[in-house]
A.B. asks: 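Okay, here's the structure, questions in a sec.
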Amino acid sequence: MAREAAYAKLMEGINELDFRGPMIPSDLVLIGDHAFPLVMNPRGQVLMAASSYGEGHLVAMGHEGCLTAFPNLVKNTLAWLKPPGESTVGIHQSCKDVANNLCPGLQAEVGEFHKGLGVYVTDAYGVGPKAQDLVSFLKEGGSLLVVGQAWHWAQQHPKRSALKGFPGNKVCGVAGIYFSEHQGELGVFPIPRQIPSSWLAVSIGKDFKEDLEELLEGVTEFNIQGGAIPSEILVHGPLAFPIATTDDARAFFAGAYYGQGRIVVGTHEGFLGRQELSRFLINALHWLDEGRKGCVGIQPHLDGAYSLLSQSGLPCEKTNIREGLSVFVCTSYSDENCARIQEFVAEGGGLLIAGHAWYWAQCHVGQQALTEYPGNRILNKMGLSILGSTLSSGLYKALKPDKASSEIYHFRHMLHRFADHVTCGRPLEQHEEERLKRLGHDCATYLHMQAHDCPSYTSILSVLTDVVKQAGVPQVGSKSPVEDAKDHLLLNVGSQLYKVSPNPDEIVPYIIQNEPRFPVVANTKVCIDGNAAGMGEWKSTGLYLTPGMRTYISVPPQIVGKGWAVQVGCQTDNIGNLGQLKRAPVVHESFPVDSEMMLVSNLWGGLLYLVAPPNSSAGDLEIVVQWAVKAPYYKFGKTTVEEWVGGLRDAPAPWAELEFENVILTVKSKMVRNLDRPDEVASLWNEIMRSIADLAVIPKFPRKERLVGDVQISHGFMHAGYPIMIHSYTAPELLNVKDIRNGGIWGAIHELGHNQQRSVWEFPPHTTECTCNLWSIYVHEELLKIPRHKAHEAIMPDNRKERLQQYVNEGKQLGSWEMWTALETYMQLQEEFGWDAFKKVFAAYHEMNNVPGDRDGKMNLYAETFSKVVGKNLAPFFKSWGWPIRPDLEEKLAGLPEWSNHPMAQYA
């Protein structure tokens, strides 16, 4: 809002500006949080801009002729730049005509710059010698009007970069405004009421070829093999560029210009001391130093970096950020000196910073690494962000600088090309088509920043909004799946735009079309059990929000700021990595409960939940939902069959929930419209869940399990978790009591078994898809009375025998001991010692502490525990299966009678 107000004041009374000549302005490049355009031509070139630095303001005009061509604009500019009260405006001799065009409260003084001025007006050509004084003046609250063009200077200095060499940039650059070597297109340009933006301005056309040549001199590859797992860098600034990437163009080193300085970012601090990267790191240090041969400060704990970088020939010392450094080397794990580091770079320093964000993201679930990771508080405004995602360690070829403009992926350049494709119909090249999915991911990630006070962000937000409005979003569904990369991008970006747009309702019609309307209920009171055990838990409300529907929710004050959340949507799988999409990648939304009155919505709609934090003891709660749609909702012990059949099952929402003792089933409503006996379904599932708890030896479930139907899930036929995700077309099987009692339901029990697996007795990857089946066998045999050989064809006698013989013939290699083969081991134990032995083993693990973390240690402990439970030495049995049984365990178990006639004895 402050920026919009500044623009309105600067352009007050100006309807158009005539740039038809003879003056030819420079195109201005804008970066950072504060610089914004004042005048933009139809090519998206910025001809005038404003910004701030420290306590002061700055306006840059792309030609000195603007001072006389646009007197009213100059008068507005000086009025905006003027500090409060009476002050003097210093005017360089080259701009003396301005003295005749001052606003009230300013007194003119023509001459050189000196202290005590309020505003200083100068051309951009001779400010180099006094650049430091002008920057200090600006930082301390003075204001500058700088005018000039750089294209003529660039013609006279063909081997020098205007970005760094042009005198005006040594001052204006600190505020994120640069005079470029590009001539501005001429014409008469109308002045919009709001700050101008254009997709054409997204990319500035700089290829960074010369920078890459210096950084990659003598570098042919980047060896990042080993245990240092890097994060990915999102390279999003106009003056930011990738330096080193994986084979699929994901950056783990990147660089940028910021103010008068430069930055190099790496995504693991271990890289700073890696000898295999020494040539690149020393190149980077010299690129950052810019020939000053100044002191390099290295954070004191970075011993490896100090040892390696001391070979650069530049003086190095262990120190925190201080005055007098040329380059500072640090990690990205703290933002304690954020403002000081940003100021250091803006005023000409070099920054080499490294660190990963993936571990931070794992430890801060629910927080955005893009905005809350400490290093990103430093880097975001510099056009670089470290993401919470990981990259594969490996050996990667160095980029080729001569292909920087055409083949190296750059977020802004690719967005410019895609906007050009959508807006003007220009075809994309093949390699650009292949990058669209990546661009969609990057756009959605960038929008997460929600930096609405940053002109660069709002510009890209505007561009993406225009693109979505013009191209539309594909109407995805099971009968209209999306495979095209362009449609992937639009679906991904459209979803994220709704979340961050200042006017989300404006774009809904371009994304959601032909949605059926449902009757709504007003001011619905919902009572919720606010208690939860040691795990977070979704609390169903029986209400649904339609796509894009906004509603207020009143919540009790005792849960505000206590880790609670409101969630819209139960389909929580992110399917963005799939090639074919039958729905948007992410279709749920979560809102922290941070006030007693909350406004919530979700572009894709969904069932409404309160999410309780772990160990909640809030007791009974009542919430009030302003507007919502009733959903079919049956709750065991509360809903009667008569109430269900009498109308609850016909509630209009498209998704229904059946909540039983220890499990909640979420299915399409059409699947319950004719369900006459929900009590029979409840009885069956109550028995199943008790049976699962019985084998796991748990008195009760820490929270009710959930099975949720979805048109598409992230992997597998079903997959475990909270919730367990299943394909919606298989959901009717969950409700068919007769079929389950007669024929079983292996898949759902398999996933519920996954949720009972515990790392202390699991040996991944061997048993990941194995031990969960113990619950499938147990429920089918003990509860449903379906023998194991009838429960699943894989454990029919002939299949078991054939599989075992193959394992023996191949030498009983532990690498092949997995899934059904591994299950045979457990079935042999069960067939000899019964289910009670397993229950006793699981119970024993409940009491254990200090369990080994390595596979072999855990396998030996399991063999020992099972032996003690059954009172027999099982070491020979497990050895016969290829388990790595240690001699000390064999000694320990030698006093127990040996199970000598075990099924594997014949294969000894």
Side-chain angles (χ1 to χ4, degrees), residues 364-372 388 440-441 443-450 452 461 464 468 473 476 491-508 510-512 515 518 520 526 536-555 559 563-576 581 583-595 597-613 623 625-629 631 653-655 657 666 706 708 710-714 721-723 725:
H364 295 79
V365 177
Q367 296 186 45
Q368 283 287 345
L370 192 70
T371 54
E372 298 178 74
H441 173 269
C443 287
T445 301
Y446 179 80
L447 289 173
H448 271 115
M449 203 177 297
Q450 297 200 48
H452 293 284
L461 176 62
L464 290 173
V468 164
V473 171
V476 65
L491 196 57
N492 203 352
V493 170
S495 299
Q496 193 58 37
L497 270 178
Y498 176 81
K499 298 178 185 180
V500 304
S501 173
N503 301 300
D505 294 340
E506 176 189 355
I507 62 170
V508 170
Y510 299 94
I511 305 173
I512 303 289
E515 270 296 311
F518 300 105
V520 300
V526 181
E537 185 175 351
W538 301 359
K539 304 290 185 176
S540 299
T541 66
L543 299 174
Y544 172 85
L545 300 186
T546 58
M549 183 179 186
R550 299 157 74 81
T551 191
Y552 282 95
I553 301 177
S554 170
V555 301
I559 67 170
W564 284 74
V566 172
Q567 180 173 303
V568 185
C570 55
Q571 286 81 11
T572 52
D573 265 3
N574 185 334
I575 60 171
L581 298 180
R583 65 159 171 83
V586 176
V587 293
H588 74 287
E589 190 61 69
S590 183
F591 305 86
V593 176
D594 51 15
S595 65
M597 185 64 71
M598 301 177 58
L599 178 63
V600 302
S601 67
N602 180 17
L603 174 63
W604 307 104
L607 290 170
L608 185 66
Y609 302 91
L610 245 67
V611 182
I623 65 169
V625 182
Q626 180 195 30
W627 300 108
V629 178
W655 289 95
E657 290 201 318
T666 307
R706 285 181 173 271
V708 171
D710 196 349
V711 68
Q712 189 174 19
I713 64 177
S714 59
Y722 184 82
M725 297 302 303

A.B. asks: Is the closest side-chain heavy-atom distance between Leu599 and Arg550 below 4.5 Å?
C.D. replies: yes
A.B. asks: Quick check for you: to the nearest 0.5 Å, what is the distance between Gln368 atom CD and Met449 atom CE?
C.D. replies: 10.0 Å
A.B. asks: Could you grab the distance from atom CD of Gln496 to atom OH of Tyr446, nearest 0.5 Å is fine?
C.D. replies: 13.0 Å
A.B. asks: Going from CD on Gln626 to OG1 on Thr551, what distance comes out if it is rounded to the nearest 0.5 angstrom?
C.D. replies: 5.0 Å
A.B. asks: Mind checking whether Ile575 and Arg583 have side chains closer than 4.5 Å, heavy atoms only?
C.D. replies: yes
A.B. asks: Walk me through it: do Trp655 and Cys570 pass the test side chain to side chain contact (heavy atoms under 4.5 Å, CB included)?
C.D. replies: CA-CA 10 Å; Trp655 289 95; Cys570 55; 5.5 Å; no
A.B. asks: Just how far is it from atom CG of Asn602 to atom CG of Leu545, taken to the nearest 0.5 Å?
C.D. replies: 8.0 Å
A.B. asks: Using a 4.5 Å cut-off on heavy atoms from C-beta on, say whether the side chain of Glu372 contacts that of His364.
C.D. replies: no
A.B. asks: Passes side chain to side chain contact (heavy atoms under 4.5 Å, CB included), His452 versus Leu461? Steps please.
C.D. replies: CA-CA 9 Å; His452 293 284; Leu461 176 62; 3.7 Å; yes
A.B. asks: Measure the CD1-CG distance between Ile553 and Leu543 for me, rounded to the nearest 0.5 Å.
C.D. replies: 8.5 Å
A.B. asks: Show, in sequence, the C-alpha distance, side-chain angles and deciding distance for Thr572 and Trp538, and conclude whether the side chain to side chain contact (heavy atoms under 4.5 Å, CB included) test is met.
C.D. replies: CA-CA 12 Å; Thr572 52; Trp538 301 359; 3.7 Å; yes
A.B. asks: If only atom types and distance count, is the side chain of Tyr722 paired as donor or acceptor with the main-chain N or O of Gly536 below 3.5 Å?
C.D. replies: no
A.B. asks: Taking side-chain hydrogen bond (donor to acceptor under 3.5 Å, both in side chains) as the test, write out the residues that go with Glu657, two or more places apart.
C.D. replies: Ser540, Tyr609, Thr666, Arg706
A.B. asks: When rounded to the nearest 0.5 angstrom, what distance separates CD1 in Ile511 from CH2 in Trp604?
C.D. replies: 6.5 Å
